[in-house]
Number of protein chains: 2
Amino acid sequence: MQNSDAMALSAALLAAAGDLVQRIHDGVTARGFTDLRPAHGFAFARLAPDGATVTDLAVHLGVTKQAASQLVDEIVRKGYAERRPHPEDARARLIVLTGRGRACTRAAEEAAAEVVGGWAELLGEGEVRALRERLARIAPYGPIRPAW
Amino acid sequence: MQNSDAMALSAALLAAAGDLVQRIHDGVTARGFTDLRPAHGFAFARLAPDGATVTDLAVHLGVTKQAASQLVDEIVRKGYAERRPHPEDARARLIVLTGRGRACTRAAEEAAAEVVGGWAELLGEGEVRALRERLARIAPYGPIRPAW
DNA sequence: GGAACTTGGTCAAGCTGCTTGACCATATGG
DNA sequence: CCATATGGTCAAGCAGCTTGACCAAGTTCC
């Protein structure tokens, strides 16, 4: 394995990831959610199942809780989420998606499915499935939000 | 192809990319280049072959030329590159890596080779090669610098 | 040749998303 | 219950980027 091969693979991986994020973001925008940035999508992914606290979100995103709190301010102000009292801890607040937030999450899933569907046409479904398995084995605990 | 499958593949791809960047950066730091961030690596990749102008670099990184110029200021100040008069255009300056800059580039290549070598142990060399080919087909013109 | 326009680069000012630091309210454990 | 830990916010500052203005050198066209 030459160093140049490693660099070629690295470049291909980063190009694919960058392209994916860009296309999903474009798809979300095209579906009418024009006031969001890709970073919000990473937050929605954590909030979607059952909501989360600001601190949970901060850990998930790899930022301080102050930064996470600001991001929550923004998506609350834009109507994608709301702060509720936490059912088990009076200090905490549970951040949950609104209907609009869930609709946006579905839009992101549709956009992702479109992109991946395009890959399936290029490579075939089996190859795409194999790609997913191999990537999952490479970085099972990789950061959700990239570090650069 | 379910939407959830597309999301799983997307998450795996982003996790792998984030993990890769983090590990390369750690490897570069461990080799003694402690005053750089991952973004600098993307610039070095463009400068390494024959140098580049500030405008070239800006296009490559997807930022304004003012931002690229600031980044060049920084790597020049830290001794990784220097500005030379452009041999064919008196308006332009050719930014070229210094010896230290080339040494850092080699360190990044070594670090990348280490990470990819780890993948080869997990998946086998053939699988890694297949991964590279498929990723290259997915996003042959993907952005060098991701958009989020 | 020279006027009009384009292109490479920098200077300056401003914004945004993040950080650190301080602080309050509630939980938790001796 | 008192001491400490934890969830959250407010405030100030910083780093990296943007827009806008400008100059020097190249290019086009008469």
Side-chain angles (χ1 to χ4, degrees), chain A residues 18 21-22 25 34-47 50-78 80-96 143-148, chain B residues 18 21-22 25 29 34-44 46-47 50-78 80-96 143-148:
Chain A
V21 169
Q22 185 64 52
H25 183 241
T34 57
D35 55 356
L36 295 175
R37 286 170 296 106
H40 297 117
F42 295 99
F44 283 26
R46 180 70 184 79
L47 296 177
D50 301 298
T53 66
V54 165
T55 300
D56 287 341
L57 200 53
V59 171
H60 175 80
L61 296 176
V63 299
T64 61
K65 54 186 183 175
Q66 291 92 326
S69 186
Q70 281 185 357
L71 193 142
V72 168
D73 284 343
E74 186 182 351
I75 63 178
V76 165
R77 181 165 40 81
K78 291 178 176 170
Y80 292 100
E82 56 187 17
R83 292 182 216 250
R84 294 188 184 166
H86 195 287
E88 296 163 7
D89 188 335
R91 296 171 302 178
R93 303 192 189 188
L94 193 62
I95 318 298
V96 294
I144 300 305
R145 168 117 187 243
W148 72 109
Chain B
V21 169
Q22 185 62 52
H25 183 241
T29 299
T34 57
D35 55 356
L36 294 175
R37 287 171 296 105
H40 297 118
F42 295 98
F44 283 27
R46 180 70 183 79
L47 297 177
D50 302 298
T53 65
V54 165
T55 298
D56 287 341
L57 200 53
V59 171
H60 175 81
L61 296 177
V63 298
T64 61
K65 54 186 183 176
Q66 291 91 326
S69 186
Q70 281 184 357
L71 193 143
V72 169
D73 283 343
E74 185 183 351
I75 63 178
V76 165
R77 180 165 40 81
K78 291 178 176 170
Y80 292 100
E82 57 187 17
R83 292 182 214 251
R84 294 189 185 165
H86 195 288
E88 296 161 9
D89 189 335
R91 295 171 303 176
R93 302 191 189 189
L94 194 63
I95 317 297
V96 294
I144 301 306
R145 168 118 185 245
W148 73 107

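Protein chains get the first letters and strands the later ones, always in sequence-line order, with residue 1 at the start of each.
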- What residues, two or more places apart in sequence or in another chain, satisfy side chain to side chain donor-acceptor pair (under 3.5 Å) together with Q66(A)? none
- Phosphate-side-chain proximity, R83(A) and dT9(D), N/O vs OP1/OP2 below 4.0 Å: yes
- Starting at atom NE2 of H86(B), determine the distance to atom P of dG26(D), rounded to an integer number of angstrom. 11 Å
Scan nucleotides 11-16 of chain C against the protein and return all N/O pairs shorter than 3.5 Å with their distances rounded to 0.1 Å.
none

- Message: Which heavy atom of H25(B) sits nearest to which heavy atom of R37(B), and what is that distance?
- Response: NE2-CA, 3.9 Å
- Task: Would you mind classifying the nucleic acid contact of A67(A) as base, sugar-phosphate or nothing, using non-hydrogen atoms under 4.0 angstrom?
- Result: base
What N/O pairs connect the protein and nucleotides 3-6 of chain D at under 3.5 Å? Give each pair on its own line.
unit_1	atom_1	unit_2	atom_2	d
dT6(D)	O2	R91(A)	NH1	2.5

- Here the gap from H40(B) atom NE2 to K78(B) atom NZ, rounded to the nearest 0.5 Å, amounts to 5.5 Å
- Under the side-chain contact (heavy atoms from CB on, under 4.5 Å) test, which residues partner L94(A), sequence neighbours left out? H86(A), P87(A), V96(A)
- Query: Got a sec, which residues hit side chain to side chain donor-acceptor pair (under 3.5 Å) with Q70(B), two or more places apart in sequence or on another chain?
  - Reply: none
- Item | Residue pairs fulfilling salt bridge (Lys or Arg N to Asp or Glu O under 4.0 Å) with at least one residue in residues 54-66 of chain A, sequence neighbours excluded | R46(A)-D56(A)
- Query: What heavy-atom pair brings V54(B) and S69(B) nearest, and what distance separates the two atoms?
  - Reply: CG1-N, 3.9 Å
- Message: Could you work out how much the helix from dG1(C)-dC30(D) to dG30(C)-dC1(D) bends, comparing the axis of its first five pairs with that of its last five, to 10°?
- Response: 30°
- Whole-Å distance, R77(B) CZ to dT10(C) P, equals 14 Å
- Item | Nearest heavy atoms of P38(B) and V21(B), plus distance in Å | CB-CG1, 3.9 Å
- Which of residues 52-65 of chain B sit near DNA chain C, with a heavy atom under 4.0 Å from it? T53(B), V54(B), T55(B), K65(B)
- Contacts of R83(A) meeting side chain to side chain donor-acceptor pair (under 3.5 Å) (sequence neighbours excluded), chain-then-number -> D73(A)
- Item | side-chain contact (heavy atoms from CB on, under 4.5 Å) against R91(A), all qualifying residues, sequence neighbours excluded | D89(A)
- Distance, rounded to the nearest Å, where R93(B) contributes CZ and dT10(C) contributes C1': 8 Å
- Query: For I95(B) and L47(B), which heavy atoms make the closest approach, and how far apart are they?
  - Reply: O-CD2, 3.7 Å
- What is the distance from atom CZ of F44(B) to atom CG of L57(B), rounded to the nearest 0.5 Å? 10.5 Å
- Integer-rounded Å distance: dG8(D) C1' and I95(A) CD1: 10 Å
- Message: So which atom in A43(A) and which in L71(A) form the shortest heavy-atom distance, rounded to 0.1 Å?
- Response: CB-CD2, 3.7 Å
- Query: What is the distance from CG of D89(B) to P of dT6(C), rounded to the nearest Å?
  - Reply: 17 Å
- Rounded to the Å, how far apart are E88(B) CD and dT27(D) C1'? 16 Å
